[in-house]
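Structure record follows, encoded as structure tokens.
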Amino acid sequence: MTQQSTDAGDLMSLCRRRGFVWPSFELYGGVAGMFDYGPTGFSLRNNIVDIWRDIYKRGEGFVEIDSETVNPQEVFRASGHVDQFSDLMTYCSVCRSPFRADHLVKDIFENPDVLSPRELDVAFAANGIGCPECGGALGPVEEFNLMFRTTIGPGSSRVGYLRPETAQGIFVNYLNLYRYNRDKLPLGVIQTGRGYRNEIAPRQGMIRMREFNMMEVELFVDPDDKDWIRYPEVKDRTLTLVPNDTGEPVVMTLDEAVGKGIIANRVLAYFIHVTRELLVRLGVDPDRLRFRQHLEDEMAHYAADCWDAEALLSYGWTEITGIADRGCWDLSRHAEFSGTDLTHFKMYDTPRETEVERIKAKRRELGPRFKADAGRIASLIEAMTPADIVGGRLVLDPDGEALEVGDDLFEVVTVREKVSGERVVPHVIEPSYGLDRIFYTVLEHAYEYDAAKDYAVLRLKPEVAPVKVGVFPLMEKDGLDEVAREIHRSIHSHRVEAYYDGSGTIGRRYARMDEIGTPWCITVDYEALEGEHKGTVTIRDRDTSLQKRIPIGDCGRIVGELLEGKPFDAL
RNA sequence: GCGAAUGUAGUCCAGCGGUUAGGACGGGGGCUUCCCAAGCCUCUGACCCGGGUUCAAAUCCCGGCAUUCGCACCA
């Protein structure tokens with residue numbers, strides 16, 4: 001049943017023909033790595049976003065924001081993208097081959113990626129390093145940053161970048177969000193939006209885009225509590241994991257994976273599961289879905305642990321979602337670069353009271369003896385701890401000259417201290433969904449082509465299908481068209497898209513709907529007008545081609561029920 | 001970014017110095033009681049862009065852009 005190797009070209013052709021996606025700027029020859037969404041595609045994409053939002057906003061109670069796509073340079077200095085997201089490149093002056101400059105000196109330097117372009121130039125000359133391809137001289141080392149750079153405002157005083165991920169917009173709003181959440185963790189924030197990466201060579205259609213859509217979730221949690229309240233509900237569910245120690249797929253329960261230390265913690269495990277549920281609900285084939293742990297050296301500069309949801313596409317296993325434990329990296333960095341405290345005040349369940357021994361100066365004795373210096377000496381005494389007392393005496397050091405004081409001037413007292421909490425930098429769990437890749441995966445996994453009949457069907461889940469129901473008159477005359485238009489009007493709404501089609505033969509119209517994945521079609525035939533079936537029409541199921549007769553007046557209700565998940569057989 | 005191949009209606013293909021640039025499918029309109037891309041009539045619509053060679057370029061040459069494949073790159 002399942003198409004073994006979907007031809008990406010055939011599917012892309014269908015996508016263009018049927019209004020799913022179009023290569024951008026085709027009118028002017030096109031730009032690699034950029035695509036526009038057509039009406040059916042955008043509808044499908046919106047449906048995907050709606051379901052994602054349903055899971056995180058309604059299901060988990062997360063809040064949604066929207067932030068700017070152009071960010072000042074400081075943001076990406078803090079995030080590390082200015083330094084980490086660029087590669088130092090050099091080009092052979094003879095054969096023009098490009099090379100990562102730091103890779104060429106990795107045998108010479110312990111840590112070549114800290115070298116500056118200038119230092120690398122010098123290193124090439126000093127060590128006689130030439131082009132690995134042809135031996136030619138290497139050109140000057142240049143920085144190639146994958147971020148699109150711009151300036152904010154007139155002149156070029158303020159450098160800005162188009163964001164390479166939406167996440168930073170959430171991190172820079174941490175304090176606002178934290179207050180909005182009334183100073184509590186966990187704090188879940190979601191955002192959809194575009195990110196931009198100036199890919200050197202975009203390939204593989206929608207898989208590597210220069211301007212792409214993300215659905216990002218940032219969950220701020222207590223670093224000492226990486227459990228999740230709903231974890232027990234899902235702990236016995238199984239999924240396919242590819243841990244980075246063996247690299248071999250294994251099927252196991254979440255609890256087993258956490259227990260064996262394969263998945264770092266429960267909250268990460270929970271959201272890996274949530275991701276699986278979401279992707280399957282959207283129509284990703286469970287048999288072509290796995291979760292692969294990043295290799296140690298593959299982890300992003302910010303990640304503590306990272307799992308990719310990978311889908312098997314005609315391009316091979318492809319990352320469609322990354323679920324990372326970013327630790328405290330982002331907030332620590334933004335705190336450092338902005339000079340602002342970005343912490344969570346973690347209240348203890350009960351304030352911790354401890355008894356501590358402190359040294360207390362006898363100010364009554366000090367005053368008369370030291371006059372004006374008394375206050376200073378008192379604070380010096382109180383800065384000491386009981387452990388500093390030797391033979392009942394303390395040695396102070398005012399102005400570099402030793403001063404010994406006896407216990408007539410101080411006493412050891414026991415005080416009760418109350419600590420009601422501590423400040424911690426929240427850790428961030430980030431499920432980051434590549435919307436365009438998910439969109440493409442949903443299409444590829446839904447696509448089925450029968451070469452014998454030259455017939456293509458998109459077996460989209462009804463929930464994501466751009467058009468829910470096609471409405472046809474068997475022939476566009478004799479009043480059949482009027483009945484069909486009336487049915488169309490009664491069903492078509494902003495939630496349920498219905499499509500009226502009266503042109504061409506009936507088979508052609510079914511074929512058109514099958515090609516955009518419309519799950520059901522209603523046809524008004526002559527029996528609707530007279531005879532024993534008067535007042536009824538047929539409804540056809542895309543995946544089986546089976547038809548049932550239903551009363552005209554019930555069409556809207558029945559389509560609604562089918563969308564709710566009622567099986568077609570049960571009609 | 002390098003190398004190779006390719007670029008003709010919406011799609012797939014033909015044409016390879018002089019053609020009203022041809023077909024199939026699709027799309028629009030019409031006819032047909034028409035339920036799975038049926039049939040008949042009819043209409044629609046293309047030489048990637050820019051230079052050059054030539055009396056004449058879709059066709060040959062150069063450059064650009066794009067696509068595909070290798071190499072390189074890729075949170």
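First the proteins, then the strands, lettered A, B, ... as listed; each starts at 1. Values below: every heavy atom of this structure, side chains too, minus hydrogens, waters and symmetry copies.
When the P atom of C12(B) is taken as reference, atom OH of Y449(A) falls 12 Å away, rounded to whole Å. Computed from coordinates, the D481(A) CG to G30(B) P distance equals 11 Å when rounded to whole Å. The CG-C1' distance, from N198(A) to C73(B), rounds to 13 Å in whole Å. Note: CE (M147(A)) to P (C74(B)) measures 16 Å, nearest angstrom. Atoms CD1 (I516(A)) and C1' (G27(B)) sit 15 Å apart, rounded to a whole Å. What separates CE of M513(A) from P of G26(B) is a distance of 16 Å, to the nearest Å. Atom CG of L11(A) is separated from atom P of U68(B) by 13 Å (rounded to the nearest Å). Counting to the nearest Å, the P atom of C73(B) and the CZ atom of R210(A) are 17 Å from each other.
Using a 4.5 Å heavy-atom cutoff, the side chains of T275(A) and F291(A) are in contact. With contacts defined as side-chain heavy-atom distances shorter than 4.5 Å, the pair Y500(A)/P473(A) qualifies.
G27(B) sits 13 Å from A37(B) when the C1' atoms are compared, rounded to a whole Å. A distance of about 26 Å separates the P atoms of G1(B) and U59(B), rounded to the whole Å. The C1' atoms of G64(B) and C12(B) are separated by 27 Å, rounded to the nearest whole Å. As rounded to the nearest Å, G23(B) and A57(B) have C1' atoms that lie 23 Å from one another. Remark: the separation of the C1' atoms in G3(B) and U19(B) is 37 Å, to the nearest Å. Of the P atoms belonging to C74(B) and G50(B), the separation is 37 Å, rounded to the nearest Å. A distance of about 44 Å separates the P atoms of C41(B) and G51(B), rounded to the whole Å. Look at the P atom in both A46(B) and A5(B): the space between them is 30 Å, to the nearest Å.
A cation-pi arrangement is absent between R163(A) and Y196(A) under the rule of less than 6.0 angstrom and at most 45 degrees off the ring axis.
If you check G1(B) for Watson-Crick or wobble pairing at under 3.5 angstrom, you find it paired to C71(B). Pairing for A58(B) is absent, judged as Watson-Crick or G-U wobble with the two contacts each under 3.5 Å. Base pairing analysis places C35(B) opposite nothing; no Watson-Crick or G-U wobble pair with both distances below 3.5 Å involves it. Look at G22(B): its Watson-Crick or wobble partner, with both distances under 3.5 angstrom, is C13(B). Pairing of C65(B), defined by two Watson-Crick or G-U wobble distances under 3.5 Å, is identified with G7(B). Nucleotide U53(B) has no partner under the Watson-Crick or G-U criteria, as no pair reaches both atom distances under 3.5 Å. The pairing partner recorded for C47(B) is none, the criterion being a Watson-Crick or G-U wobble arrangement whose two distances lie under 3.5 angstrom.
Taking the charged nitrogens against the carboxylate oxygens, R292(A) and E319(A) have no contact shorter than 4.0 Å, which rules out a salt bridge.
Regarding contacts with the backbone of U32(B), a side-chain N or O of K477(A) is found under 4.0 angstrom from either OP1 or OP2.
Contact annotation for E26(A): no contact, since no heavy-atom pair falls under 4.0 Å across all strands.
Of the listed residues (D525(A), V524(A), D478(A), V471(A)), just one forms a side-chain contact (heavy atoms from CB on, under 4.5 Å) with V483(A), and that residue is V524(A).
Annotation: the span from I190(A) atom CD1 to T192(A) atom OG1 amounts to 8.0 Å, rounded to 0.5 Å.
For residues 27-36 of chain A, no residue pair satisfies the salt bridge (charged side-chain N to carboxylate O under 4.0 Å, His left out) rule, not counting sequence neighbours.
Residue-to-nucleotide proximity on RNA chain B shows that, of D308(A) and A32(A), the 5′-proximal contact is made by A32(A). In terms of position along RNA chain B, the nucleotide closest to F35(A) lies nearer the 5' end than the nucleotide closest to the other residue of the pair G322(A) and F35(A).
No side-chain N or O of E165(A) forms a donor-acceptor pair with one of S432(A) less than 3.5 Å apart.
Taking the ring centroids of Y174(A) and F220(A), they lie under the 6.0 Å cut-off.
Checking U67(B), U11(B), C73(B) against every side-chain atom of R208(A), the shortest atom distance belongs to C73(B).
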**OP:** Any chance you could list the contact pattern along nucleotides 34-44 of chain B? Use B for base contacts, S for sugar-phosphate-only contacts and - for none, protein heavy atoms under 4.0 Å, 5' to 3'.
**Re:** BBBBB------

